Amino acid sequence: MLWGGRFSKSLNQKALEFSSSLSFDVALCEEDIEVSIAHSAMLAEIGILTNEEAQKIHSGLEIIRDEFLNETWKPDPARFEDIHSAIESHLKELIGETADKLHTGRSRNDQVAADLRLWTKKNSLQLKNTITELQQQLLKTAEEHTGTIIPGYTHLQRAQPISFAFHLLAYVEMLERDKQRIQFVLDEADVSPLGCGALAGSTLPLDRNFTAQKLGFAKNSANALDAISDRDFVLDFLNACSVGMMHLSRLSEEIILWTSQEWKFVRLSDDVTTGSSLMPQKKNSDLAELIRGKSGRVFGNAFGFLSTMKSLPLSYNRDFQEDKEPLFDSVYTYFTSLEVMQLMFIGMEINSERYTEELNGDFSLATDLADWLVLKGIPFRQAHHLVGEVVKLAETKKCKLNQLTLDELKKIVSIAIGIDETALKLFDISSALSRKKTFGSPNPELVKEQILLWKKKLTR
Ligand code: ARG
């Protein structure tokens with residue numbers, strides 16, 4: 001028991017089980033040991049512990065770490081409030097009275113904040129790497145499909161042709177922004193709260209720089225009250241996971257569409273699809289659906305914990321304990337979703353010719369004719385109107401744009417001086433993408449350049 005002195009009864013068993021965080025904060029075990037090693041080393045440095053005492057504490061903590069990792073020690077949530085008290089109690093079992101000196105000059109308030117910050121740093125770094133791996137996979141697929149023409153949509157209506165590579169590169173960009181959000185979280189978490197005590201620092205001459213440095217924190221928090229009360233880094237992490245999952249959910253939705261009988265564009269490998277227990281012909285994109293579904297829970301975690309924090313007065317309140325489950329769940333869900341998304345792309349079969357014929361002469365090339373007329377000197381609004389009439393004619397004739405004759409075009413676009421065969425060539429899908437001039441467009445040369453740039457950037 002960590003705080004027995006002023007109590008005449010121990011905590012009611014139901015109350016203990018209700019309030020214990022051990023079943024989930026056991027995930028902070030290694031961080032907690034690291035923090036305690038740094039703290040006790042600092043206590044020895046300033047002469048509060050002898051070197052022998054610090055040594056004893058360290059070796060005890062190392063034993064606990066080993067026991068935890070090889071699962072010979074499993075702290076019992078029915079006995080302890082949290083991982084911090086479970087470790088301290090086990091340390092006492094191992095090294096005796098010296099363990100009572102470990103908690104000198106600290107509170108579980110600065111301790112749990114330090115643990116969680118270390119956990120956040122470690123996991124955000126790993127998440128960034130996992131995102132990079134997905135980006136690399138998308139680039140690999142993109143590289144094979146710079147010439148695979150697909151319809152680009154707005155309002156889920158065919159808008160203009162693009163390439164599959166270009167489409168995937170859009171996700172590479174999104175994933176890069178996800179990494180930036182996570183980097184922000186990492187920097188934010190990189191501040192040591194150790195030495196802030198319960199809320200107001202300590203009368204002991206604790207060396208905060210020593211612990212911060214030993215644990216690899218970039219700096220110390222400057223206000224103890226804020227350091228103890230601050231869970232912004234958790235909120236930002238939850239938000240970063242939410243935006244990241246939102247991106248994965250959009251990609252999942254596209255995979256679901258691409259693999260449908262209506263799209264017939266993509267086939268997922270058998271090892272990432274499932275069948276139906278009733279309909280023998282079914283092959284479902286369940287993993288994509290699950291990523292899409294799980295994103296809802298991750299958003300809920302972010303909003304849930306934001307609601308927990310609202311109205312909490314400074315500094316520590318036990319409500320803070322509610323930070324861990326949503327955080328661990330969101331980060332785990334995001335991790336596994338990224339990995340599964342990568343898996344889906346690894347064995348993906350893409351029907352690269354699916355749209356070539358269908359988009360040849362398609363209405364989605366209409367803008368190209370309008371642009372061409374602009375270059376002939378026709379004001380864009382008028383060009384837009386004229387091409388609208390061209391589309392209408394093709395629609396009534398139930399034909400494609402490339403099935404119209406030059407005479408028919410001339411009749412509509414009579415004010416267009418010099419309309420000739422080159423106008424009809426605009427409806428040829430094979431040159432549609434290479435006609436794009438602007439930076440950031442699906443021009444295959446530009447897309448190839450982008451792929452190269454990304455590959456270089458991501459291998460650094
Ligand atoms: N289990 C607690 C948490 O996760 C640890 C800190 C407890 N601090 C306290 N003053 N009761 O927040």
Side-chain angles (χ1 to χ4, degrees), residues 1-7 9-36 38-39 61 64 68 74-91 102-123 189 191-202 211 215 221 224-235 237-238 301 304-332:
M1 179 59 62
L2 295 176
W3 33 259
R6 59 120 55 221
F7 290 83
K9 271 190 192 169
S10 58
L11 188 60
N12 174 291
Q13 190 57 29
K14 259 212 171 75
L16 172 63
E17 281 166 30
F18 177 77
S19 56
S20 175
S21 53
L22 186 50
S23 63
F24 48 88
D25 69 12
V26 67
L28 296 175
C29 185
E30 288 177 79
E31 283 77 12
D32 199 69
I33 289 173
E34 231 185 294
V35 164
S36 289
H39 180 69
L61 289 168
I64 299 179
F68 173 72
K74 280 201 187 104
D76 179 6
R79 281 186 57 213
F80 298 103
E81 247 183 77
D82 48 36
I83 187 65
H84 324 294
S85 37
I87 290 177
E88 209 181 306
S89 149
H90 190 38
L91 185 66
L102 170 62
H103 211 54
T104 312
R106 80 172 180 189
S107 152
R108 276 181 299 162
N109 298 355
D110 57 346
Q111 187 179 353
V112 72
D115 291 3
L116 203 54
R117 282 172 180 274
L118 286 181
W119 187 93
T120 296
K121 282 178 64 182
K122 183 172 93 190
N123 281 276
V191 180
S192 173
L194 280 180
C196 290
L199 77 166
S202 175
T211 37
L215 291 168
S221 54
L225 193 61
D226 175 49
I228 297 308
S229 315
D230 177 21
R231 290 295 182 274
D232 293 358
F233 66 100
V234 174
L235 288 168
F237 206 176
L238 288 168
N301 285 339
F305 186 56
L306 186 63
S307 317
T308 299
M309 290 301 289
K310 177 183 170 291
S311 307
L312 293 186
L314 306 186
S315 63
Y316 182 85
N317 300 276
R318 191 64 182 272
D319 314 46
F320 281 18
Q321 183 167 296
E322 291 294 309
D323 57 2
K324 291 168 204 64
E325 284 167 294
L327 181 64
F328 298 164
D329 178 60
S330 283
V331 170
Y332 174 77

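Ligands are counted one by one from 1 in listed order, and the atoms in each one are counted from 1 as well. Model, not experiment: these values are computed from the prediction.
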Present, as a list of atom pairs with distances to 0.1 Å, all nitrogen or oxygen contacts under 3.5 Å between ligand 1 and the protein.
{"residue": "ligand 1", "atom": "1 (N)", "partner": "Ser21", "partner atom": "OG", "Å": "3.0"}
{"residue": "ligand 1", "atom": "1 (N)", "partner": "Asp82", "partner atom": "OD2", "Å": "3.3"}
{"residue": "ligand 1", "atom": "1 (N)", "partner": "Gln321", "partner atom": "OE1", "Å": "2.9"}
{"residue": "ligand 1", "atom": "4 (O)", "partner": "Lys324", "partner atom": "NZ", "Å": "2.4"}
{"residue": "ligand 1", "atom": "8 (N)", "partner": "Asn109", "partner atom": "OD1", "Å": "3.2"}
{"residue": "ligand 1", "atom": "10 (N)", "partner": "Asn109", "partner atom": "OD1", "Å": "3.0"}
{"residue": "ligand 1", "atom": "12 (O)", "partner": "Tyr316", "partner atom": "OH", "Å": "2.4"}

Got a list of side-chain donor-acceptor pairs under 3.5 Å for residues 320-331, not counting sequence neighbours?
{"residue": "Gln321", "atom": "OE1", "partner": "Arg318", "partner atom": "NE", "Å": "2.7"}
{"residue": "Gln321", "atom": "OE1", "partner": "Arg318", "partner atom": "NH2", "Å": "3.1"}
{"residue": "Gln321", "atom": "NE2", "partner": "Ser19", "partner atom": "O", "Å": "2.8"}
{"residue": "Asp323", "atom": "OD2", "partner": "Arg231", "partner atom": "NE", "Å": "2.8"}
{"residue": "Asp329", "atom": "OD1", "partner": "Arg297", "partner atom": "NH1", "Å": "2.5"}
{"residue": "Asp329", "atom": "OD2", "partner": "Arg297", "partner atom": "NH1", "Å": "2.6"}
{"residue": "Asp329", "atom": "OD2", "partner": "Asn301", "partner atom": "ND2", "Å": "2.9"}
{"residue": "Ser330", "atom": "OG", "partner": "Asn301", "partner atom": "ND2", "Å": "2.9"}
{"residue": "Ser330", "atom": "OG", "partner": "Pro326", "partner atom": "O", "Å": "3.2"}

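- A donor-acceptor pair under 3.5 Å is absent between the side-chain atoms of Ser20 and the main chain of Glu17, judged by distance alone.
- Judged by distance alone, the side chain of Asp110 and the main-chain N or O of Gly197 form a donor-acceptor pair under 3.5 Å.
- Between the side chains of Arg106 and Ser36, at least one donor N or O sits under 3.5 Å from an acceptor N or O.
- Take Ser315 and apply the side-chain contact (heavy atoms from CB on, under 4.5 Å) test, not counting sequence neighbours, and it matches Leu199, Leu225, Ile228, Ser229.
- For His90, the ring pair (Phe, Tyr, Trp, His ring centres under 6.0 Å) test picks out Trp73, with sequence neighbours left out.
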